[in-house]
Undergrad: 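Attaching a single structure in structure tokens format; questions to follow.
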There are 2 protein chains.
Amino acid sequence: MENVASAILLIARTEVQVTRTYGEGCPIALSLDIVGERWALLVVRELRLGPRRYRDLQEALPGITPAVLSKRLRELEEYGVLRRRELPPPAAARVYELTGWGAGLELVFQALARWGVRSPVLPLTGEVSADSVMLGLRTFFAGDGGPREPWTASYEIALGRDVYRLRVEDGRLTELARGPAATAPEVLVRTTKAAWQAVLDGAEPLDDAVAAGRLTVTGDLKALQRLVEAPQRVRTRPAPAG
Amino acid sequence: MENVASAILLIARTEVQVTRTYGEGCPIALSLDIVGERWALLVVRELRLGPRRYRDLQEALPGITPAVLSKRLRELEEYGVLRRRELPPPAAARVYELTGWGAGLELVFQALARWGVRSPVLPLTGEVSADSVMLGLRTFFAGDGGPREPWTASYEIALGRDVYRLRVEDGRLTELARGPAATAPEVLVRTTKAAWQAVLDGAEPLDDAVAAGRLTVTGDLKALQRLVEAPQRVRTRPAPAG
DNA sequence: CCGGATCCTTTCGGATACTG
DNA sequence: CAGTATCCGAAAGGATCCGG
């Protein structure tokens, strides 16, 4: 009898999948049921620029344990935020990628990022992944900040071993992806994550970084200047909010 | 010696206030350190339309326990998201209200709400507070949805005992607050939360609700028609996303 | 080496009762 | 009314192990 009870309990456990929920009809609460668990949004964040393997996610999220990562991936897949895909034999690997709906979290990330940088009490300290640095460029890219000289250019930016391709058309960032540019870009940058971030933050003028050899530019330096000046400057440590 | 060690440990525990953190320099991770804990964003949500008492929050968040609510309020106050304020003697009470920075989470809420309603797997079932219903009006209010006939009107809408005042100017929702209108509004609505939501969702035409007596209108019915048609219609249960 | 599963400990959240 | 105290189950953290 005891075994039967245990078996029933086990079945109930594995089938019903009673994830805890806020149980509200509010769409905000529903969203939080889906991506409000610890680590969930950070897992999704890591997929914003394309598919990643389990191992990539583990490395990008220092502190997450394998058990938690597996659980989040399973849940997010069930909810339709991401999907699991097996790459064909040449590069046989299992990757996770966002669904169309999952990619719709972009505005949530941008809103969170724009809000977080204005924190009056907590400082922005700690490591930032190369992906996040490049995505910060997109998040804070001008567009609301008034009229801006429109320009068009293509970029390939290497932060250490991480290479990205960008395209600006009429002053709008229309492409941002991992990997080298398909055709020869107008600007080629080779630098480190730290140096690139310093330039973006306005901590070091682009010219200085180039002169000091911390940043190597091939091609149209002026176009690069426009790019790094495009993001709206952000106060990292503003005055206390009222 | 053992007591001394315990005492030191205790002091360290209570003073350092080691809240768990993702420890990243990414502004998204920082935001989640602040409002990513369970219930935190829902507590903030309840303050979007103005100050609330502890008791109000408890009622609006069925399922939250007093201990957790207290902890969240303490943390959010420390982080500068909300502040505690004592109302003067006439209505002596302790209320919680958002700081200016805390109110900046508005875009996060709107992004989450717009995303959540498109969930391909989870349905929007459960209770919705009167506040959330009214805020949904703001979140989905047209503005991106193409050109729309601009109009101006003031409203007072009573959902049961909850009364709200609204103002639309040139087709934009410029005011939404708890409490009756200061001056006589052009439209006065008296209905229930359920009936109002049905009309907003498009489940029941406004005229039918009025005819059936589920909704009483005093004043400019045409202006009310414009208001309930303004929010972009939302699929509650859309086709599975790719 | 990749993609996890398992085990154990610690922390957090949920339920209920109780107090200034 | 505005919380705190207590107890317990669930989730997360940390380390190790396993199958392909």
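Chain naming here is simple, since letters A, B, ... match the order of the sequence lines and numbering starts at 1 in each.
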Undergrad: Between C:dG14, D:dG13, C:dT6, which nucleotide has the shortest distance from any of its atoms to the side chain of A:Arg38?
TA: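 So the side chain of A:Arg38 is nearest to D:dG13.
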Undergrad: Could you tell me how far apart B:Glu86 (CD) and D:dC1 (P) are, to the nearest whole angstrom?
TA: 16 Å
Undergrad: B:Glu97 and side-chain hydrogen bond (donor to acceptor under 3.5 Å, both in side chains): which partner among B:Arg52, B:Arg84, B:Arg83?
TA: B:Arg83
Undergrad: Let's see if you can work this out: which of C:dC2, D:dT16, C:dG13 has an atom nearest to the side-chain heavy atoms of A:Arg55?
TA: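 The nucleotide sitting nearest to the side chain is C:dC2.
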Undergrad: Would you mind telling me which of C:dT16, D:dG14, D:dA12 lies closest to the side-chain atoms of A:Thr65?
TA: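 Closest nucleotide among those given: D:dG14.
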Undergrad: Using whole Å, report how far OH of B:Tyr22 lies from C1' of D:dA12.
TA: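 Computing the B:Tyr22:OH to D:dA12:C1' distance gives 11 Å.
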Undergrad: For a quick check of understanding: with a heavy-atom distance under 4.0 Å over all strands, which category does A:Ser70 fall into, base, sugar-phosphate or nothing?
TA: sugar-phosphate
Undergrad: Could you check which of C:dG4, D:dA12, D:dG3 has an atom nearest any side-chain atom of B:Arg20?
TA: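 Of the candidates, D:dA12 comes closest.
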Undergrad: Need one value for A:Gln58: base, sugar-phosphate or nothing, where a base atom within 4.0 Å counts as base even if backbone is also close, heavy atoms only.
TA: nothing
Undergrad: In whole angstrom, what separates A:Arg52's CZ from C:dC2's P?
TA: 13 Å
Undergrad: D:dA5, C:dT6, D:dG3: which one has an atom nearest the side-chain heavy atoms of A:Ala67?
TA: C:dT6
Undergrad: B:Asp56 CG to D:dC1 C1': how many Å, rounded?
TA: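 Distance check: B:Asp56 CG to D:dC1 C1' gives 11 Å.
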Undergrad: Report yes if a side-chain nitrogen or oxygen of B:Trp39 is closer than 4.0 Å to either non-bridging phosphate oxygen (OP1 or OP2) of C:dG14; otherwise report no.
TA: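 Looking at the OP1 and OP2 atoms of C:dG14, one of them is under 4.0 Å from a side-chain N or O of B:Trp39.
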Undergrad: Is the shortest side-chain N to carboxylate O distance from B:Glu77 to B:Arg74 below 4.0 Å?
TA: no
Undergrad: From the options C:dG13, D:dA11, D:dG14, select the nucleotide whose nearest atom is closest to the side chain of B:Lys71.
TA: C:dG13
Undergrad: Give the rounded distance in Å between these two atoms: CZ of A:Arg94 and P of C:dG4.
TA: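 Going from CZ in A:Arg94 over to P in C:dG4 covers 5 Å.
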Undergrad: Hey, what's the ring geometry for A:Tyr54 with A:Tyr96, parallel, tilted or perpendicular (30° and 60° as the breaks)?
TA: tilted
Undergrad: Rounded to the nearest angstrom, tell me the gap between atom OH in A:Tyr96 and atom C1' in C:dG3.
TA: 7 Å
Undergrad: Report the distance from atom CG of A:Leu42 to atom P of D:dG13, rounded to the nearest whole Å.
TA: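 That distance rounds to 11 Å.
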Undergrad: For B:Met134 and B:Asp162, what are the C-alpha separation, side-chain angles and deciding distance, and is it a side chain to side chain contact (heavy atoms under 4.5 Å, CB included)?
TA: CA-CA 10 Å; B:Met134 296 307 291; B:Asp162 297 299; over 6 Å; no
Undergrad: OP1 or OP2 of D:dA2 versus the side-chain N and O atoms of B:Arg84: is any pair under 4.0 Å?
TA: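 Result: no.
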Undergrad: Roughly, in whole Å, what's the span from CD in A:Glu37 to P in C:dC12?
TA: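 The answer, rounded to whole Å, is 15 Å.
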Undergrad: Hey, are the side chains of B:Leu105 and B:Leu41 touching, using non-hydrogen atoms and a 4.5 Å cut-off?
TA: yes
